[in-house]
J.: 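I'd like to ask some things about the structure below.
Positions are given from 1 along the sequence.
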Amino acid sequence: MAANNRRMSGKKGAQVGSGGQRRRGLEGKGPTPPAEMRKGHAKQRAAQAKARRAQGRTTQRRGGRSASELVVGRNPVVEALREGVPASTLYVQQFIDNDERVREALQLAAERGGINLMEAPRPELDRMTNGLNHQGLVLQVPPYEYAHPEDLVAAAHDEGQDPLIVALDGVTDPRNLGAVVRSVSAFGGHGVVVPERRAAGMTAGAWKTSAGTAARTPVARATNLTRALEAYKKAGVVVVGLAADGEAELGDLEALDGPVVIVVGSEGKGLSRLVGETCDVRVRIPMPGGAESLNAGVAAGIVLYEVARCRS
């Protein structure tokens, strides 16, 4: 009996089938995908690298974003809300003394809509503001979205107009930038260009000085202002620099009635050497009173008025 069991134990039992895997394995898998779609292939890696470079160029083309900003203190917060400065969040200290400015800030934020109201303990506001005297109110201004310098020319052409742009060279006061934005908007310009470094950006102070015109007048940021001006020249735009020792007087310049970029330097230093050399012509504003220089915002306004007069 034991021998019979041993003989029977050597027999094969029921076999589990392959479920059709062998049959399907013999079937064709379709056409071979192109090399760019094959995982690990050299051409796929090259295509991915090209896409990353293109994405990087697209990001640079947009002009970039500035960092978010905090407006600190009861009066500054109320003034920013009155002037329509973009805001994302209003932080209010817990158990704050509810005076007239606090009530107005809360009312303005509620009326505008889209502003989050957050209650926070004093230590948290101290940490956010690095110990500044916030008086229980902190307003967060979202990052400004800069245009690209080429976008300003494209916008003018889309409107069937000659480009009118102001570029600022070495202007570091945000209030001057805001004043220039306001003048550009008033005289039908198409935008303002600022360098990426060592220059004023679109802060809450610039927004306030622009009196709301920054919402409809784009500000572009250039990685290199000289290269941006050279690109404008290649596009057929005349680059006019303002300088106290300019070879032409403002009233005698005929180029103002065509596509033009007006370059304004800082008060005192004026245009930098490379920017001055890049300009097609440098003009001076006649000042019978004998002043050595004008505020950047004032100088830009005078030239923009002259452009509007020539084009009318």
J.: T172 and P174: which non-hydrogen atoms are nearest, and at how many Å?
T.: O-CD, 3.4 Å

J.: Go through the steps to decide whether L225 and V193 satisfy the test side chain to side chain contact (heavy atoms under 4.5 Å, CB included), and finish with yes or no.
T.: CA-CA 8 Å; L225 183 60; V193 181; 4.1 Å; yes

J.: Got a second to check how far L229's CG is from I165's CD1, nearest 0.5 Å?
T.: 10.0 Å

J.: Taking side-chain contact (heavy atoms from CB on, under 4.5 Å) as the criterion, tell me which of E83, R101, Q107 meets it with V78.
T.: R101

J.: A quick test of your reading: do over 12 heavy atoms of other residues, nucleotides or ligands sit less than 6.0 Å from CD of E111?
T.: yes

J.: Using a 4.5 Å cut-off on heavy atoms from C-beta on, say whether the side chain of D280 contacts that of Y232.
T.: no

J.: Any heavy-atom pair between the side chains of V194 and L177 that's under 4.5 Å?
T.: yes

J.: Taking the side chain as C-beta and beyond, is there a heavy-atom pair between I96 and R74 under 4.5 Å?
T.: yes

J.: Would you sort out whether Y91 and V77 count as a side chain to side chain contact (heavy atoms under 4.5 Å, CB included), showing the intermediate values?
T.: CA-CA 10 Å; Y91 294 93; V77 166; over 6 Å; no

J.: Check the pair N176, N295 against side chain to side chain contact (heavy atoms under 4.5 Å, CB included), reporting the backbone distance first and the verdict last.
T.: CA-CA 8 Å; N176 275 335; N295 173 277; 2.8 Å; yes

J.: To check you understand the geometry: which heavy-atom pair defines the closest contact between G265 and V171, and what is its length?
T.: O-CG2, 3.9 Å

J.: Within a 6.0 Å radius of atom CD on E254, are there more than 12 heavy atoms belonging to other residues, nucleotides or ligands?
T.: no

J.: Please report the shortest heavy-atom distance between G301 and F187, naming the atom on each side.
T.: O-CE1, 3.9 Å

J.: Hey, are K234 and E230 close enough for a salt bridge, meaning a charged N less than 4.0 Å from a carboxylate O?
T.: no

J.: Please test V85 against V71 for side chain to side chain contact (heavy atoms under 4.5 Å, CB included), starting from the C-alpha separation and ending with a verdict.
T.: CA-CA 10 Å; V85 173; V71 179; 5.6 Å; no

J.: If you count heavy atoms of other groups shown closer than 6.0 angstrom to CG of D252, is the number above 12?
T.: yes

J.: L164, V181: one ILVMFWY side-chain cluster at the under-4.5 Å cut-off?
T.: yes

J.: What is the minimum heavy-atom distance between L81 and A105, and which atoms define it?
T.: CD1-O, 3.5 Å

J.: Does some side-chain heavy atom of I262 sit less than 4.5 Å from a side-chain heavy atom of V283?
T.: no

J.: Within the structure provided, determine whether H134 and L70 are in side-chain contact (heavy-atom separation under 4.5 Å).
T.: no

J.: Walk me through whether D162 and R311 qualify under salt bridge (charged side-chain N to carboxylate O under 4.0 Å, His left out).
T.: CA-CA 10 Å; D162 287 330; R311 293 184 174 188; 5.1 Å; no

J.: Kindly compute the distance separating CG (L253) from CZ (R282), expressed to the nearest 0.5 Å.
T.: 13.0 Å

J.: Taking K208 as the fixed residue, which of E79, R175, R82 is the one that meets the side-chain contact (heavy atoms from CB on, under 4.5 Å) rule?
T.: E79

J.: Taking only Lys NZ, Arg NE, NH1 and NH2, and the carboxylate oxygens of Asp or Glu, determine whether R103 and E100 approach each other closer than 4.0 Å.
T.: no

J.: Of all heavy-atom pairs between P86 and R112, which one has the smallest distance, and what is that distance?
T.: CA-NH2, 3.7 Å

J.: Report yes if the side chains of M128 and Q140 come closer than 4.5 Å at any heavy-atom pair, otherwise no.
T.: no

J.: Would you name the heavy atoms of Y146 and R221 that are closest together and state the gap between them?
T.: CE1-NH1, 3.5 Å

J.: Are V264 and V180 close enough that some pair of their side-chain heavy atoms sits under 4.5 Å apart?
T.: no

J.: Can you name the residues that form a salt bridge (charged side-chain N to carboxylate O under 4.0 Å, His left out) with E124, not counting sequence neighbours?
T.: R127

J.: So L125 and V72, do their side chains get closer than 4.5 Å, heavy atoms only?
T.: no

J.: To the nearest 0.5 Å, what is the distance between CG on L271 and OG on S266?
T.: 8.5 Å

